[in-house]
*Asks:* 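Sending over a structure as structure tokens; questions will come in a sec.
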Amino acid sequence: MTTSAVSGTDMRLRLDIAYDGTDFHGWARQTSGVRTVQETIEDALALVLRIPVTLTVAGRTDAGVHASAQVAHTDVPRAALDQRSLDGDPTKLVRRLSKLLPDDVRVLNVNEAPDAFDARFAALHRSYTYRVTTNPAGALPTRRADTAVWGKPVVINRMQQAADLIVGLHDFAAFCKPKPHATTIRDVHAFTWHDVSTQHERDVYEARITADAFCWNMVRALVATCLKVGEGKREDEWVAQLLEVTKRDSQVPLAPACGLTLTGVEYPHPDAFAKRAAVTRDRRTLPKH
């Protein structure tokens, strides 16, 4: 149950979630029966509460993508929380779920949320971090799950110049895998590159990107675009040209999924949940010049 209106007998729950996406086929439950984050958590919740559970998530991550701060919500009958030794307290679900969930996914917090809270539509923006190394030796064994390998050396200043062009409200169709009837207009609030190399981990970079929302494959395409500019294979003008394209451009590569982690979802004050959700549901357009 995930309707926008919560009945008096139901409670809306907010779940804060983290996972290693390496062995998951993305967030969304699939009919093919492959392992997904959504199905894993929903099945564990259903086992505890003894009712079917459906989660609405802030951002559907792709196969192999990680999350340290994913957010989801669901509506459950208050009666279900009055039983099962939960005493009506949703926070007790954290310990119960920790015993049922596999080691690569954790529900960090469960709290009652206002009826107007919507994990997807009430969000102001999402933040991702992309971690990549150009070291010929590859990633450290202890970081292989969250650090992608790029085969050519790069210049970070060139990558930042490319990222600066991407910030703002644009149609990102060139960078997105298309979905029917879905807009590809997004507002990128910040996009920065950082050299995070250490004595034992050379040539490691992190891209940190925040936007109101992201479309399918968008972050990995933007990162790969910057890396191509960083290695000198492309110029800034190419990036500017891509922002004028109205369909997926086959020249834009995808960076490996393993380097990407959802690191934050921000929401407005609870009084503004409903207003924000209404704005998000509107189909966006670019302003006319």
Side-chain angles (χ1 to χ4, degrees), residues 16-28 34-37 40 59-70 101-106 108 126-164 166 175-177 188 190-211 214-234 239 251-265:
D16 293 275
I17 301 164
Y19 46 87
D20 178 338
T22 303
D23 296 325
F24 287 106
H25 288 260
W27 164 267
V34 296
R35 187 172 186 253
T36 67
V37 182
T40 301
R60 293 187 175 190
T61 51
D62 297 336
V65 176
H66 318 296
S68 59
Q70 179 68 278
L101 291 170
D103 291 341
D104 53 359
V105 57
R106 295 288 94 182
L108 306 175
R126 289 96 169 151
S127 296
Y128 282 87
T129 294
Y130 193 93
R131 199 170 194 274
V132 60
T133 181
T134 60
N135 192 323
L140 278 181
T142 53
R143 298 302 301 261
R144 68 188 185 279
D146 74 341
T147 304
V149 177
W150 192 259
K152 299 286 183 64
V154 294
V155 177
I156 192 170
N157 290 342
R158 288 178 58 85
M159 293 193 295
Q160 186 59 59
Q161 289 171 2
D164 290 342
I166 290 164
F175 305 92
C176 297
K177 191 171 182 179
V188 174
F191 191 1
T192 57
W193 282 91
H194 306 265
D195 188 332
V196 295
S197 303
T198 67
Q199 178 183 355
H200 303 292
E201 202 178 13
R202 296 182 293 108
D203 307 319
V204 182
Y205 307 94
E206 282 187 0
R208 300 166 192 170
I209 183 168
T210 298
F214 294 92
C215 46
W216 198 358
N217 289 162
M218 177 175 161
V219 180
R220 291 166 59 196
L222 291 177
V223 166
T225 297
C226 290
L227 288 166
K228 284 292 184 183
V229 174
E231 69 180 45
K233 199 165 186 178
R234 293 285 190 172
V239 181
Q251 296 183 76
V252 177
L254 283 182
C258 68
L260 187 59
T261 301
L262 174 62
T263 54
V265 184

*Asks:* Under a 3.5 Å distance rule, please check whether Gln70 uses its side chain to pair with a backbone N or O of Ile17 as donor and acceptor.
*Replies:* no

*Asks:* Please step through side-chain contact (heavy atoms from CB on, under 4.5 Å) for the pair Thr22 and Asp104, ending with a clear verdict.
*Replies:* CA-CA 9 Å; Thr22 303; Asp104 53 359; over 6 Å; no

*Asks:* Any chance the side chains of Glu231 and Trp150 put a donor and an acceptor closer than 3.5 Å?
*Replies:* yes

*Asks:* Does Thr133 use its side chain to pair, donor to acceptor, with the backbone of Val149 at less than 3.5 Å?
*Replies:* no

*Asks:* Check the pair Thr192 / Gln160 against side-chain contact (heavy atoms from CB on, under 4.5 Å), numbers first and verdict last.
*Replies:* CA-CA 6 Å; Thr192 57; Gln160 186 59 59; 4.0 Å; yes

*Asks:* Could you pull out the closest heavy-atom pair between Val188 and Ala211, with the gap in Å?
*Replies:* CA-CB, 3.8 Å

*Asks:* Going from CZ on Phe214 to CG on Leu260, what distance comes out if it is rounded to the nearest 0.5 angstrom?
*Replies:* 9.0 Å

*Asks:* Count the heavy atoms belonging to other residues, nucleotides or ligands that lie under 6.0 Å from CZ of Arg35, then report whether that count exceeds 12.
*Replies:* yes

*Asks:* Looking at OG1 of Thr129 and CD of Glu206, how far apart are the two atoms once the value is rounded to the nearest 0.5 Å?
*Replies:* 5.5 Å

*Asks:* Identify the heavy atoms of Ala28 and Thr36 that sit nearest to each other, and give their distance.
*Replies:* O-CG2, 3.1 Å

*Asks:* Check the side chains of Thr147 and Arg131 for a donor-acceptor pair under 3.5 angstrom, ignoring hydrogens and angles.
*Replies:* yes

*Asks:* Quick check: are there more than 12 heavy atoms from other residues, nucleotides or ligands sitting under 6.0 Å from CZ of Arg60?
*Replies:* no

*Asks:* Classify the side-chain pair Asn157/Gln161 by whether it contains a donor and acceptor separated by less than 3.5 Å.
*Replies:* no

*Asks:* What is the distance from atom CZ of Phe191 to atom CE of Met159, rounded to the nearest 0.5 Å?
*Replies:* 9.0 Å

*Asks:* Does Asp62 come within less than 4.0 Å of Lys177, counting only side-chain N to carboxylate O?
*Replies:* no

*Asks:* Looking at Thr261 and Ala67, would you say the former's side chain and the latter's main chain have a donor-acceptor pair under 3.5 Å?
*Replies:* no

*Asks:* Can you tell me how far the OH atom of Tyr128 sits from the CZ atom of Arg220, to the nearest 0.5 Å?
*Replies:* 11.0 Å

*Asks:* Say you draw a straight line from CZ of Arg202 to CG of Asn135; how long is it, rounded to the nearest 0.5 Å?
*Replies:* 4.5 Å

*Asks:* Would you say Thr40 and Phe24 make side-chain contact, with heavy atoms under 4.5 Å?
*Replies:* yes

*Asks:* Using the ring of each side chain (for Trp, its six-membered ring), is Trp27 parallel, tilted or perpendicular to Tyr19, with breaks at 30° and 60°?
*Replies:* tilted

*Asks:* What's the shortest heavy-atom distance between Cys258 and Ala148, and which atoms?
*Replies:* SG-CA, 3.7 Å

*Asks:* What are the two closest heavy atoms between His194 and Ile156, and how far apart are they?
*Replies:* C-CD1, 3.6 Å

*Asks:* How long is the gap from CG on Leu222 to CD1 on Ile209, to the nearest 0.5 Å?
*Replies:* 5.0 Å

*Asks:* So Leu227 and Tyr205, do their side chains get closer than 4.5 Å, heavy atoms only?
*Replies:* no

*Asks:* What are the two closest non-hydrogen atoms of Ala224 and Leu254, and how far apart are they?
*Replies:* CB-C, 3.9 Å

*Asks:* Do Arg106 side-chain atoms and Leu101 backbone N/O form a donor-acceptor pair below 3.5 Å?
*Replies:* yes

*Asks:* Do His66 and Ser68 have side-chain N/O donor and acceptor atoms under 3.5 Å apart?
*Replies:* no

*Asks:* Taking all heavy atoms of Leu108 and all of Ala18, pick out the closest pair and write down the distance.
*Replies:* CD1-CB, 4.0 Å

*Asks:* A side-chain contact here means heavy atoms from C-beta on lying under 4.5 Å apart; do Phe175 and Val223 qualify?
*Replies:* no

